[in-house]
Amino acid sequence: MSAQVDELSGIDRSAILLLSLGEDEAAEVMRHLGPREVQKLGAAMARLSHVSTEQAQTVLADFRSRLERQTSLGVGSDQYIRAMLTKALGADKAGTVIDRILHGGEASGLENLKWMDARSIADLIKLEHPQVLAMILAYMEPEQAGEVIHHLPERVVSEAMMRLASLETVQPAAIRELNEILEEQLSGESQSLQVASLGGAKSAADILNRLETSLATSILDKMRESDSELAEKVQEKMFVFDDLIKLDDRSMQILLREVPADGLVTALKGAAPALKEKFFANMSKRAAEMLRDDLEAKGPVRISEVETAQKAILQVAQRLDAAGQISLGGGSGEAML
């Protein structure tokens with residue numbers, strides 16, 4: 001049983017913990033989470049089935065043990081928060097969250113956007129200056145920012161992405177003013193903010209990775225016309241389908257379990273031979289032979305269909321990476337230790 005619990009991902013352990021708490025207590029915990037965390041936990045809770053009493057008790061005991069090993073509340077809390085968020089979110093994503101928490105900042109107007117649908121957000125911000133758009137997009141999760149971009153005029157998106165890629169830190173007055181404007185538009189109350197790290201080439205790359213290939217390419221081309229060096233930095237940090245060849249074997253095998261066979265056949269129609277072999281090598285001999293046969297039997301496929309299938313697989317890989325189940329390692333080819 002211990003081995004079974006050890007195999008559970010962190011999100012599954014959290015889901016079991018919340019299911020064990022009861023409706024009222026679980027709802028209270030959920031109230032303090034962001035929209036993406038709520039969605040992930042809700043999906044994990046819905047996905048779980050046949051959780052035994054022993055499994056639940058083991059998860060609860062592990063949680064209590066971890067809690068007891070921490071220092072008393074308020075003692076060494078900054079260090080604990082940094083370590084906990086870095087382990088949970090990864091160094092890049094945790095950095096911005098840590099800034100907001102430890103510096104006492106709370107962007108209620110900006111945070112409210114995270115609960116809105118993409119079209120409503122686009123309608124709200126589409127007439128704003130590209131610099132304002134850049135700050136708003138930088139504050140969002142890449143997946144949500146990508147959804148919003150699909151509903152914005154393309155003429156302003158490339159300029160906003162240029163400015164986003166150039167962002168490093170934003171002064172308190174600028175964020176405070178933006179937050180107050182959004183609060184007024186959303187009928188809320190404004191609160192001041194501390195300096196936060198937002199944007200940068202990695203942030204722009206994360207958003208472009210979520211877009212359709214043609215749109216991402218178009219935006220990147222327009223960025224390159226204005227600032228080729230900055231556009232190159234963004235492109236270096238983008239993760240594309242060919243970068244899957246950098247996955248270690250374990251990560252590739254986990255990815256293959258999550259990818260539908262028909263989508264994989266279409267995606268590999270446009271893949272390099274070395275990448276195809278990478279997929280074949282991480283499948284059973286029989287499964288690899290069947291995939292080879294399917295590839296040979298499949299007729300011509302539109303480039304747009306191939307790109308759509310590849311993008312779908314990349315989204316699965318990014319989801320698994322965010323959950324800590326695999327490691328993409330980034331599109332820049334940087335070595336992993």
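The basis for the numbers below is simple: all heavy atoms, side chains too, and nothing from hydrogens, waters or symmetry mates. Note that the numbering runs from 1 along the sequence shown for the chain.
For the atom pair CD (Q253) and CG (L255), the distance works out to 10.5 Å, reported to the nearest 0.5 Å. The CD atom of E258 sits 9.5 Å away from atom CD1 of I326, with the distance rounded to the nearest 0.5 Å. For the atom pair M135 CE and E128 CD, the distance stands at 10.5 Å (nearest 0.5 Å). With rounding to the nearest 0.5 angstrom, the CE atom of M162 is 12.5 Å from the CD1 atom of I219. To the nearest 0.5 Å, atom CG of residue L314 and atom CZ of residue R319 are 13.0 Å apart. To the nearest 0.5 Å, atom CE of residue M140 and atom CD of residue E147 are 10.0 Å apart.
Salt bridge annotation for K222-E154: present, with a cationic side-chain nitrogen under 4.0 angstrom from a carboxylate oxygen. A salt bridge does not link R224 with E229: none of the charged nitrogens is closer than 4.0 Å to a carboxylate oxygen. K311 has no carboxylate O lying under 4.0 Å from a charged side-chain N of E307, or vice versa, which leaves the two without a salt bridge.
In this structure, A288 and M283 approach most closely via the heavy-atom pair N-CB, 4.2 Å. Here the closest heavy-atom approach between residue E159 and residue R163 is recorded as OE2-NE, 2.8 Å. Taking each heavy atom of A160 and A134 in turn, the nearest pair found is O-CB, 3.4 Å. When all heavy atoms are compared, the tightest approach of K278 to L247 is NZ-O, 2.7 Å. Shown here for L230 and S166, the closest heavy-atom pair between the two residues is CD2-OG, 3.2 Å. Scanning all heavy atoms of the two residues, the minimum distance from L164 to A204 falls at CD2-N, 3.3 Å.
Judged by distance alone, the side chain of D227 and the main-chain N or O of M223 form no donor-acceptor pair under 3.5 Å.
With a 4.5 Å cut-off on side-chain heavy atoms, V132 and I125 do not count as touching. By the 4.5 Å heavy-atom criterion applied to side chains, L208 and I149 are not counted as neighbours. I121 places none of its side-chain heavy atoms less than 4.5 Å from the side chain of H151.
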>> Between I254 and R250, does the side-chain contact (heavy atoms from CB on, under 4.5 Å) criterion hold? Intermediate values first, please.
In response: CA-CA 6 Å; I254 293 173; R250 176 180 174 278; 3.6 Å; yes
> So K126 and V156, side-chain contact (heavy atoms from CB on, under 4.5 Å) or not? Walk me through it.
Replying inline: CA-CA 8 Å; K126 64 184 179 183; V156 301; over 6 Å; no
>> Determine whether K246 and D243 satisfy the following criterion, side-chain contact (heavy atoms from CB on, under 4.5 Å), listing intermediate values before the conclusion.
In response: CA-CA 6 Å; K246 302 172 187 175; D243 289 325; 3.2 Å; yes
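Residues V306 and I245 do not share a hydrophobic cluster, defined by chaining ILVMFWY side chains whose heavy atoms lie under 4.5 Å apart.
A search for salt bridge (Lys or Arg N to Asp or Glu O under 4.0 Å) contacts involving R119 returns nothing, not counting sequence neighbours.
A side-chain donor-acceptor contact under 3.5 Å links D248 and S251.
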Please list every donor-acceptor pair under 3.5 Å in which a side-chain atom of residues 259-276 meets a protein atom from a residue at least two apart or in another chain.
from, atom 1, to, atom 2, distance (Å)
T266, OG1, D262, O, 3.3
K269, NZ, K298, O, 3.2

